[in-house]
Amino acid sequence: MGRDTIAEIITSIRNADMDRKRVVQIASTNINENIVKILLREGFIENVRKHRKSKKYFLVATLRHRRNRERGYRNIFNLKRISRPGLRIYSNYQRIPKILGGMGIVILSTSRGIMTDREARLQGIGGEILCYIW
């Protein structure tokens, strides 16, 4: 059985965010690196570094937290895995969903690489819906 690395990255980021940890380690694969680059570009992650430990590479991501006067820390974002190995979900560019009226992002795997929903609509291509982030 293969590993679902996208579900692992989503779960590790979600757990670190709920536990109010600033740093999370993620296994380094091409897909994970592209997803983390999108999260960095969209402002969900502050910093990303690539480390090597005993011939294995992993990413160290610094999460962004927002201080709230009443409650201390507040969870910044929610992540939801949509397409999974047992059930792939595809969409053309006209039917890509908008999360929170465009406030959230959808990460897609297209024929031109992994990109956000806005980029896919601008280029006019659809693909596999990997996850929602809001």
Discussion item. A side-chain contact here means heavy atoms from C-beta on lying under 4.5 Å apart; do Thr11 and Arg14 qualify?
Written reply: yes
Worksheet item: Atom CD of Gln123 and atom CE of Met115: how far apart are they, to the nearest 0.5 Å?
Response: 4.0 Å
Fill in: 4.5 Å side-chain heavy-atom contact, Lys50 and Ser28
yes
Item to complete: Compare every heavy atom of Gly127 with every heavy atom of Leu108, then report the nearest pair and how far apart it is.
Response: CD2-O, 4.0 Å
Worksheet item: Do Leu59 and Glu33 have side chains that get closer than 4.5 Å, going by heavy atoms?
Response: yes
Worksheet entry | Shortest non-hydrogen contact between Ile45 and Val48, atoms and distance | CG2-CG2, 3.9 Å
Practice prompt. Among Ile, Leu, Val, Met, Phe, Trp and Tyr joined by side-chain contacts under 4.5 Å, find the other residues sharing a cluster with Phe58 and list them by chain and number.
Written response: Val23, Val60
Worksheet, complete the sentence: Rounding to 0.5 Å, atoms CZ (Arg121) and CG (Asn92) come to a distance of 11.0 Å
Worksheet entry | Steps toward side chain to side chain contact (heavy atoms under 4.5 Å, CB included) verdict (His51, Tyr57) | CA-CA 6 Å; His51 285 280; Tyr57 288 97; over 6 Å; no
Worksheet item: Is Asp4 close to Arg81 at the side-chain level, that is, under 4.5 Å between some pair of heavy atoms?
Response: yes
Worksheet entry | Shortest non-hydrogen contact between Tyr93 and Ile125, atoms and distance | CB-O, 3.3 Å
Worksheet item: When rounded to the nearest 0.5 angstrom, what distance separates OH in Tyr132 from CG in Leu79?
Response: 13.0 Å
Worksheet item: Closest heavy-atom contact between Ile26 and Ser12?
Response: CG1-OG, 4.3 Å
Worksheet item: Could you state the interatomic distance from CG (Leu130) to CD1 (Ile31), rounded to the nearest 0.5 Å?
Response: 7.5 Å
Discussion item. Return the CG to CD1 distance between Leu39 and Ile13, rounded to the nearest 0.5 Å.
Written reply: 5.5 Å
Worksheet entry | Ile6 vs Ile10 side-chain heavy atoms within contact, under 4.5 Å | yes
Item to complete: Verify the distance criterion only: is there a donor paired with an acceptor across the side chains of Ser83 and Glu128 at less than 3.5 Å?
Response: yes
Worksheet item: Would Glu46 and Arg22 satisfy side chain to side chain contact (heavy atoms under 4.5 Å, CB included), going step by step from the backbone distance to the final call?
Response: CA-CA 10 Å; Glu46 285 183 9; Arg22 299 263 310 160; 3.1 Å; yes
Item to complete: Please report the shortest heavy-atom distance between Thr110 and Gly126, naming the atom on each side.
Response: CG2-O, 3.5 Å
Discussion item. The test is side chain to side chain contact (heavy atoms under 4.5 Å, CB included); show your working for Ile114 and Ile38 and say whether it passes.
Written reply: CA-CA 9 Å; Ile114 295 178; Ile38 289 173; 3.7 Å; yes
Practice prompt. Evaluate the side-chain proximity of Arg41 to Thr116: yes if any heavy-atom separation is below 4.5 Å, no if none is.
Written response: yes
Worksheet entry | Gap separating the CG atom of Asp19 from the NZ atom of Lys21, nearest 0.5 angstrom | 5.0 Å
Practice prompt. Mind listing the closest non-hydrogen atom pair of Asp117 and Pro97 along with its distance?
Written response: OD2-O, 3.9 Å
Item to complete: Just do the side chain to side chain contact (heavy atoms under 4.5 Å, CB included) check on Ile105 and Ile99 with the steps written out, would you?
Response: CA-CA 6 Å; Ile105 62 170; Ile99 306 302; over 6 Å; no
Discussion item. Could you tell me if the side chain of Glu119 sits less than 4.5 Å from the side chain of Arg112, heavy atoms only?
Written reply: no
Discussion item. Could you check whether any side-chain heavy atom of Ile133 comes within less than 4.5 Å of a side-chain heavy atom of Ile107, counting everything from C-beta outward?
Written reply: yes
